[in-house]
There are 2 protein chains.
Amino acid sequence: MGSGEHSAGGVSGDANGRGPEAVGTPSAGRPRSEEAHQAILDATLDLLSEVGFSALTVEGVASRAGVGKATIYRRWPSKLPLVVEAFGRLPAFEDVDTGSLEGDLKAMLRQYLENFLATPLATVYPSLAAERSHNPELGQLMDPLLRGRRRPLDAAFERAQARGELAADVDVEMASDLIVGPVAVRLFFRGTTIHPDMVDGMVELALQGIRRPA
Amino acid sequence: MGSGEHSAGGVSGDANGRGPEAVGTPSAGRPRSEEAHQAILDATLDLLSEVGFSALTVEGVASRAGVGKATIYRRWPSKLPLVVEAFGRLPAFEDVDTGSLEGDLKAMLRQYLENFLATPLATVYPSLAAERSHNPELGQLMDPLLRGRRRPLDAAFERAQARGELAADVDVEMASDLIVGPVAVRLFFRGTTIHPDMVDGMVELALQGIRRPA
DNA sequence: GGGATTACGATACTATACGTCTCGATTTGT
DNA sequence: ACAAATCGAGACGTATAGTATCGTAATCCC
């Protein structure tokens, strides 16, 4: 099909340093097509949002991307790492600095909900969670990604601490679990939809706590 | 193999009323073996905790239970409802009434964590969550179960409200999401283990809120 | 420029598993 | 006795993961 696909080649950052994701990256012969790489990831995300993780087939990805199966397996040892890499391109929290912790959290959660959690793409999340329970290797692949995706949330807490708005000894990890947890449970475990307007109430409850005497 | 398996027949409660779970329950001929039914569910739970949901095979269950595949498919239309019914037998929250909301929540969460969440069986949870994202029917099967499993938690909130310990207009559903959510996220999404001693801090944070000025 | 090397898309192949079906034997109701 | 529905066992068709092999195309090294 196309021609002229050399590009600056910044994507496969580990080059031939044998990164953990590449199946093997030789240094002679025809180089791997960056076009095919992109097409595979795009097709993966497409199909992921259409049929979900469990119904995603490698053959389907190959066909949609217009590549052979070998071209996929040459890059990823199995379906799982492929989905993980595609997952890494999905929208995450975006940093918003409104000046107050409450404003930051509300804005970021709302944005994340609308941009990702409310789309069919969000189903990748529980699928990968299920998989990691019996595949520790997957956990190691995902954890850096997950931390990065949540980083803006942690940053908001740290800004609040620097401002003196929040005590310095508040456990930021636990706090962000308290923000994210209820949303995840409602969406993925209980199958509830969350209207964007609901995030304000949820953030407020997490910030002020359940305890409120009559 | 065995003999004498009639029993009081309390398990298949809907009898021949065509409940939503039985594939079809005729009223003539040889009755279905209650022994086989139990053996199938036991084998399902065994294998579920050993290999997880995605690696669970119906053939494996049949072999482990010592029954034919037809005996399984005669009772459950597919692997999914079988796992759901097995899920229904798993330990849930157990009601504890200590006299205070904080005491109730800490005791129940700790008990649930030790009895279920810290065991390999807990992996059924994210697996079913993943599946329901693309299978609304599964959601309908699970939701009553999930509500029932969480009922003791809601009851504790309602007791606190009746006692005047908690304002009557607190959203109990949201509150219990705030208790359960962080645990679920840590366990299933982030792959963290939770030491039983950590539940106290988590409950306290949910009760008093993140906001604590410097 | 030419040869070695590797990737390309396509497709045949093996192995596994779901869900259906049939088998002879068994257990019930009438 | 006879009909009906069960039992465990396993063959069968379909689908998919992952491997291997095809002839062709791109790039590196000499």
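Chain letters run A, B, ... following the sequence lines, proteins first and then strands; every chain starts at 1.
Residues forming a side-chain hydrogen bond (donor to acceptor under 3.5 Å, both in side chains) with D42(B) (at least two apart in sequence, or on another chain): none. For A184(B), the side chain to side chain contact (heavy atoms under 4.5 Å, CB included) partners are V185(A), F189(A), F188(B), not counting sequence neighbours.
Per the geometry, CZ belonging to F53(B) stands 14 Å off P belonging to dA17(C), to the nearest Å. Note: CD1 (I40(A)) to C1' (dA7(C)) measures 12 Å, nearest angstrom. Following rounding to the nearest Å, H37(B) (NE2) and dC7(D) (C1') show an atom-to-atom distance of 16 Å. The distance from atom CD1 of I72(B) to atom C1' of dA17(C) is 13 Å, rounded to the nearest whole Å. Following rounding to the nearest Å, E35(A) (CD) and dA25(D) (P) show an atom-to-atom distance of 16 Å. Distance, Y73(A) OH to dC8(C) P: 15 Å, rounded to whole Å. When rounded to the nearest whole Å, the span between CD of E59(B) and C1' of dC12(D) equals 12 Å. Straight-line distance from the CZ atom of R74(A) to the C1' atom of dG18(D): 13 Å, rounded to whole Å.
Residue L56(A) is classed as a sugar-phosphate contact, given heavy-atom separations below 4.0 Å to backbone atoms only. A62(A) comes within 4.0 angstrom of no nucleic acid atom, judged by non-hydrogen atoms across all strands.
The phosphate of dG9(C) has OP1 or OP2 within less than 4.0 Å of a side-chain N or O from T71(A). Taking only side-chain nitrogens and oxygens, R75(B) comes nearer than 4.0 Å to OP1 or OP2 of dC7(D).
Taking only side-chain atoms of R32(B), from C-beta outward, the nucleotide of dG18(D), dA20(D), dC7(D) with the closest atom is dC7(D). You'll find that the side chain of K79(B) is closest to dG19(C), out of dG19(C), dT6(D), dT21(D).
The residue among A70(B) and V58(B) whose nearest nucleotide of DNA chain C lies closer to the 5′ end is V58(B). Sequence order on DNA chain D of the closest nucleotides to T57(A) and A36(B) puts A36(B) first from the 5' end.
Between the side chain of K69(A) and the base of dG18(D) there is at least one donor-acceptor pair of N/O atoms closer than 3.5 Å. Residue-to-nucleotide contacts include no donor-acceptor pair under 3.5 Å from the side chain of R30(A) to the base of dT5(C).
No salt bridge links E137(A) with R132(A); every basic N to acidic carboxylate O contact stays at or beyond 4.0 Å.
T123(B) and H134(A) share a side-chain donor-acceptor pair at under 3.5 Å.
Using cut-offs of 30° and 60° on the angle between ring planes, the pair Y125(B) and F87(B) is perpendicular.
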